[in-house]
Number of protein chains: 2
Amino acid sequence: MTGDSTFELDSTDWRVLAELQEDARLSYAELGRRVGLGATAATDRVRRLVEGGVIKGFRAEVDLERVGYGVLAVVRLRYPSGNYRKLHAELERTTEILQCHHVTGEDCFVLFVAARNMRDLERLVGRIASLGSTTTSVVYSSPLPSRVVTAPSG
Amino acid sequence: MTGDSTFELDSTDWRVLAELQEDARLSYAELGRRVGLGATAATDRVRRLVEGGVIKGFRAEVDLERVGYGVLAVVRLRYPSGNYRKLHAELERTTEILQCHHVTGEDCFVLFVAARNMRDLERLVGRIASLGSTTTSVVYSSPLPSRVVTAPSG
DNA sequence: GCTGAAATCGCAGGGGT
DNA sequence: ACCCCTGCGATTTCAGC
């Protein structure tokens, strides 16, 4: 199954998602215990969610500061024309670019860039600026670095 | 050990991090196989990385579109004065705000907001706009939604 | 970082409601 | 469609080296 339809999730599915977003390495037995299922039923749920594309993957989250990236920045890029080849190439080779989103508005792309220090950031942003005009904001801190996705309320 | 010092990582640690960023549910035995260690040694590495704060957690990544959030937006918030209480309260109660970063520049905060549709986004941004002036960009697509963190090259 | 033993887990099949 | 039970090979975890 592929395509981009939306997937029907019952409340148990949401509890499974909540648990796995907080600890993706939970055993199926423990997961089942937490959401009120047996190990097999929990396994089936997770398999359905993965195959249905609801769970895109299981990722270890690494602390950028601890591994030597002391600086994180949001770079907005005003990219001229529809030639995405150069941008694509830049994304490919620059592993310090952690995210890139194509967005509406004057700044066509929003990038997250990790650097060891301001000097490296200067170099990285300089390279990006060869593609178009940039606006860079350095992250002081992240009051909400990421949140678990929950069911739409309304 | 706590605090925010940087952690010494050898090349095996980096390979472990790469594998776990791509599949956090890898068994220790399989992980060891891939990086050239026994199961116990692999277990020890991971435990050291977790306790050293290098790995902040293991998270299932959920597809926003599949679970009913068809719209993702980057909202920049120009927040007056040092009163973070109201912002903090807004972050607490609004589960559709997935990320919030405090940054340099005129726009003090950068938020990622998920919404079911444009109508919900309008409502959410309206609430955020009660805190300060906002600039909203809707995400068309993400050429690089997220990348695994690798060793600084230079 | 390896070895070896006991407890646990993952996975596949079969069956019940 | 959803869940449980069983069996077996693989894995985890603990000890000691």
Side-chain angles (χ1 to χ4, degrees), chain A residues 1-63 66-68 148-152, chain B residues 1-2 5-63 65-69 148 150-151:
Chain A
M1 118 77 136
T2 179
D4 55 10
S5 51
T6 107
F7 194 99
E8 266 304 305
L9 297 162
D10 64 19
S11 68
T12 307
D13 288 323
W14 279 111
R15 292 174 69 190
V16 168
L17 287 179
E19 293 293 341
L20 290 180
Q21 284 180 95
E22 298 206 326
D23 183 2
R25 284 186 73 81
L26 241 38
S27 75
Y28 293 118
E30 177 60 24
L31 173 62
R33 232 165 271 138
R34 297 193 185 187
V35 304
L37 292 175
T40 357
T43 309
D44 288 345
R45 292 272 182 167
V46 175
R47 206 160 42 75
R48 267 187 48 245
L49 292 170
V50 170
E51 290 176 355
V54 174
I55 295 177
K56 286 193 287 187
F58 300 96
R59 317 234 172 273
E61 186 184 354
V62 340
D63 186 313
R66 290 287 163 91
V67 301
V148 304
V149 178
T150 55
Chain B
M1 114 80 139
T2 180
S5 51
T6 105
F7 194 97
E8 266 304 305
L9 298 161
D10 63 21
S11 68
T12 306
D13 288 323
W14 279 110
R15 292 174 69 191
V16 168
L17 287 180
E19 293 293 342
L20 290 180
Q21 284 181 94
E22 298 204 327
D23 183 2
R25 282 185 75 80
L26 239 39
S27 74
Y28 293 119
E30 177 61 23
L31 174 62
R33 238 167 265 137
R34 298 192 185 185
V35 305
L37 291 176
T40 2
T43 310
D44 287 345
R45 291 271 182 169
V46 175
R47 208 158 38 76
R48 270 188 44 247
L49 292 169
V50 170
E51 289 175 357
V54 173
I55 295 177
K56 285 193 288 187
F58 301 96
R59 320 236 169 273
E61 187 184 354
V62 340
D63 186 313
E65 205 157 340
R66 290 286 164 90
V67 301
Y69 291 106
V148 305
T150 54

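The chains referred to below are lettered A, B, ... by the order of the sequence lines, with proteins before strands, and numbering in each begins at 1. All values derive from a computational prediction rather than experimental measurement.
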- request: Search all heavy atoms of B:A60 against all heavy atoms of A:Q21 and return the closest pair with its distance.
  value: O-CG, 3.5 Å

[N] [atom2] sits how many Å from [X] [atom1], rounded?
X	N	atom1	atom2	answer
A:L9	D:dA1	CG	P	16 Å
A:R48	D:dC2	CZ	C1'	9 Å
A:R15	D:dC3	CZ	P	12 Å
A:L37	D:dC2	CG	P	11 Å

From B:L26, B:L20, B:V54, residue fulfilling side chain to side chain contact (heavy atoms under 4.5 Å, CB included) relative to B:V46: B:L20

field: Residue of the set A:I55, A:L9, A:V35 for which side chain to side chain contact (heavy atoms under 4.5 Å, CB included) holds with A:V16
entry: A:V35

message: Please determine whether a side-chain nitrogen or oxygen atom of A:R47 lies at a distance below 4.0 Å from atom OP1 or OP2 of C:dC11.
response: no

- prompt: Does A:R25 count as lying over the ring of B:F58, i.e. NZ or CZ under 6.0 Å from the six-ring centre, within 45 degrees of the axis?
  reply: yes

task: Any pair with a residue in residues 27-37 of chain A that passes salt bridge (charged side-chain N to carboxylate O under 4.0 Å, His left out), sequence neighbours left out, goes on the list, sorted by first then second residue, please.
output: A:E19-A:R34, A:E30-A:R33, A:E30-A:R34

Between the protein and nucleotides 4-10 of chain C, are there any N/O to N/O pairs under 3.5 Å, and if so, what are the atom names and distances?
from, atom 1, to, atom 2, distance (Å)
C:dG10, OP2, A:Y28, N, 3.2

- prompt: Under 4.0 Å between a Lys/Arg side-chain N and an Asp/Glu carboxylate O for B:D10 and B:R15?
  reply: no

